[in-house]
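Beneath this line is the structure, given in structure tokens, with notes to follow.
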Amino acid sequence: YHGDRVLDRKQKLKLNTVTSLANQIVLIICGFVVPVLILHAFGSAVNGLVNSITQFLGFISLLELGVGAVVQSALYKPLADKDNASISRIYVSANRFFRMIAIILLVYIVLLMLFYPAIVSSEFDWLFSASLIGCIAISLFAQYYFGVVNNLLLNSDQRSYVQNIISVAAQILNVAACVVLINFGCGIHAVKLVASLIFLLRPLGMAWYVKKNYDLSRNISYQEEPIKQKWNGIAQHFASVVLSNTDFVVLTLFSTLTNVSIYSVYNLVVSGLKQMIFSMMSGIQALMGELWVKQQLSELNKLFGWVEWFMHTGAVAVWGCTVALIVPFVQVYTSGVNDADYVVPLFAMLISYAHMGHCLRLPYNLMILVGGHYRETQSNYIVAAVMNIVISVLAVHAWGLIGVALGTICAMFYQTFWMANYISKNLLKWPIKCFLKQFFVDLISLVLIYKSNAWIELGDVSYFAWGIMALKVVLVAFVGLLAVNIIFYKANLLALWNKIKT
């Protein structure tokens, strides 16, 4: 393969990080614009229906069986060795698998169109719900048929900036189209159909780039399965899908579409922030994978120490501020929407801390994926998935939104502690006491941020007033977090400062 291989590790890491962060910022902005347009134009019930359908369609990814993560891990070594034949064999094997998933997806879409309308509110007739499923599903089918394997290849080769650039263009075009269509009085079906057609640009654009920049032999044959441990990522993948989709499904089955809509608004904020934090780690997994396959363990250990501290400190800063700002933001965001009460403070706090737990577990999860320890860690993922489902279903009747948030937060923090303990014993020479110290510092920082921001309130229901409030909260949180880290991680702060200066 050829193209931009001349870029070194650091250049790729910077380019991946910058474009991924830019992509997430655009995703967050666009992710807020489109739903509020839908809320005002079509109401909370339609918004809840759209989000519920999207999550039900997302369950098809269960059939990936964790193969995507295993493919990405399998590609690190042949890419590092520039072994084009091995890359081609892995690519062809993965492509066959995901095209089979695309065919199964078609069957799943038909079944959803037949049976899903019967389990949602009678407010919408069968044709309305079934046709909306078809409109939303188009781009998902294209992703599996054209895009997944190219996406995995680019990620493994530290070229995720390619898909980031394509995604930014598609998101901006989609928002422009939605604004025009809604202003012209078009229905929700037209809005979602055009969005699906625009998002076809992503898999098609990546397919074109891979074809142009990689000399892949797409007709290559193989006797032995080139993707080792192909089925060993099942538990991890199942847990990931369950953790991402359980809340919407539980609310759809056991609560109301209005509650789904309320959840989706808060989820816009927390999932957007979570993905923004993840984007800052976008190039790290591939870099860790390269160091691992080359067994440069000293350098990997040093990198992991920085990743853990950076992720914990960043997550505490972001989610500490989020707890103070999310309810005032939702008040402003849903101003004028009067068919539901979107102010749910306890739920807001719990769902924020649940997603913080997802961020805290990222360094340990990345190391497990990089090390290829899929089979060895299956029990952890299964327990987390079951825990999330059982607690959510049992608690939703009594506490509604708060109940499903409790299920998520319990599963996330269980996984974080389990993974940290596992990698300290099995993958890296990284003592568990380092994690425990970091977690202790996290707790002190969160309490300090929460208490020090208690006096700050929203002046009036406007974006300007919220912006002023956010500046105060962020400034107070920064000072508190800086003080705590000067006490416990002074060496890290000095090293970071010296790196910034140079």
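In this chain, numbering begins with 1 at the start of the sequence shown. None of the values given here were measured: they were computed from a predicted structure.
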In terms of side-chain heavy atoms, does [X] have a donor or acceptor partner in [Y] at a distance below 3.5 Å?
X: Tyr414; Y: Arg361; value: no
X: Tyr116; Y: Ser52; value: yes
X: Tyr91; Y: Asn150; value: yes
X: Asn492; Y: Trp306; value: no
X: Gln163; Y: Asn155; value: yes
X: Tyr381; Y: Gln415; value: no

Using a 4.5 Å cut-off on heavy atoms from C-beta on, say whether the side chain of [Y] contacts that of [X].
X: Leu406; Y: Ser392; value: no
X: Leu216; Y: Leu153; value: yes
X: Tyr422; Y: Ile368; value: yes
X: Phe98; Y: Leu152; value: yes

Before you tell me yes or no, could you show the steps for Phe439 and His312 under ring pair (Phe, Tyr, Trp, His ring centres under 6.0 Å), namely the whole-Å CA-CA distance, both residues' side-chain angles and the distance that decides it to 0.1 Å? CA-CA 8 Å; Phe439 192 76; His312 278 255; 7.5 Å; no

Any chance you could measure [X], atom [atom1], to [Y], atom [atom2], to the nearest 0.5 Å?
X: Met276; Y: Cys359; atom1: CE; atom2: SG; result: 9.5 Å
X: Met367; Y: Phe304; atom1: CE; atom2: CZ; result: 8.0 Å
X: Leu27; Y: Ser167; atom1: CG; atom2: OG; result: 4.5 Å
X: Thr408; Y: Asn388; atom1: OG1; atom2: CG; result: 4.5 Å

Heavy atoms of Ile402 and Leu350 approach each other most closely as CG2-CD1, 3.6 Å

With side chain to side chain contact (heavy atoms under 4.5 Å, CB included) as the criterion, how do Phe278 and Gln24 come out once you've worked through the C-alpha distance, each side chain's angles and the decisive distance to 0.1 Å? CA-CA 9 Å; Phe278 281 14; Gln24 289 306 320; over 6 Å; no

Do Leu401 and Leu251 pass the side chain to side chain contact (heavy atoms under 4.5 Å, CB included) test, and can you show the C-alpha distance, the side-chain angles, and the key distance before you say yes or no? CA-CA 8 Å; Leu401 290 166; Leu251 288 171; 3.8 Å; yes

Kindly say whether [Y] contributes a backbone atom to a donor-acceptor pair with the side chain of [X] at under 3.5 angstrom?
X: Lys437; Y: Phe488; result: yes
X: Tyr364; Y: Ser424; result: no
X: Asn301; Y: Leu297; result: no
X: Thr19; Y: Asn164; result: no
X: Asn84; Y: Asp215; result: yes
X: Ser93; Y: Arg89; result: no

Would the number of heavy atoms belonging to other residues, nucleotides or ligands and lying under 6.0 Å from [atom1] of [X] be above 12?
X: Trp418; atom1: CH2; value: yes
X: Lys302; atom1: NZ; value: no
X: Tyr450; atom1: OH; value: no

So, using side chain to side chain contact (heavy atoms under 4.5 Å, CB included) as the criterion, who are the partners of Ile351 when residues are at least two apart?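 Result, side chain to side chain contact (heavy atoms under 4.5 Å, CB included) vs Ile351: Asp247, Tyr263, Val270, Phe347, His355, Ala405.
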
Ring-face cation contact, Tyr76 with Lys294, 6.0 Å cut, 45° max: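 The answer is no, since Lys294 fails at least one limit relative to Tyr76.
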
Decide side chain to side chain contact (heavy atoms under 4.5 Å, CB included) for Trp319 and Ile277; before the verdict, give the C-alpha distance in whole Å, the side-chain angles of both, and the deciding distance to 0.1 Å. CA-CA 11 Å; Trp319 298 109; Ile277 293 173; 3.7 Å; yes

Verdict with supporting geometry, Phe32 and Val269, side chain to side chain contact (heavy atoms under 4.5 Å, CB included): CA-CA 8 Å; Phe32 284 125; Val269 179; 3.7 Å; yes

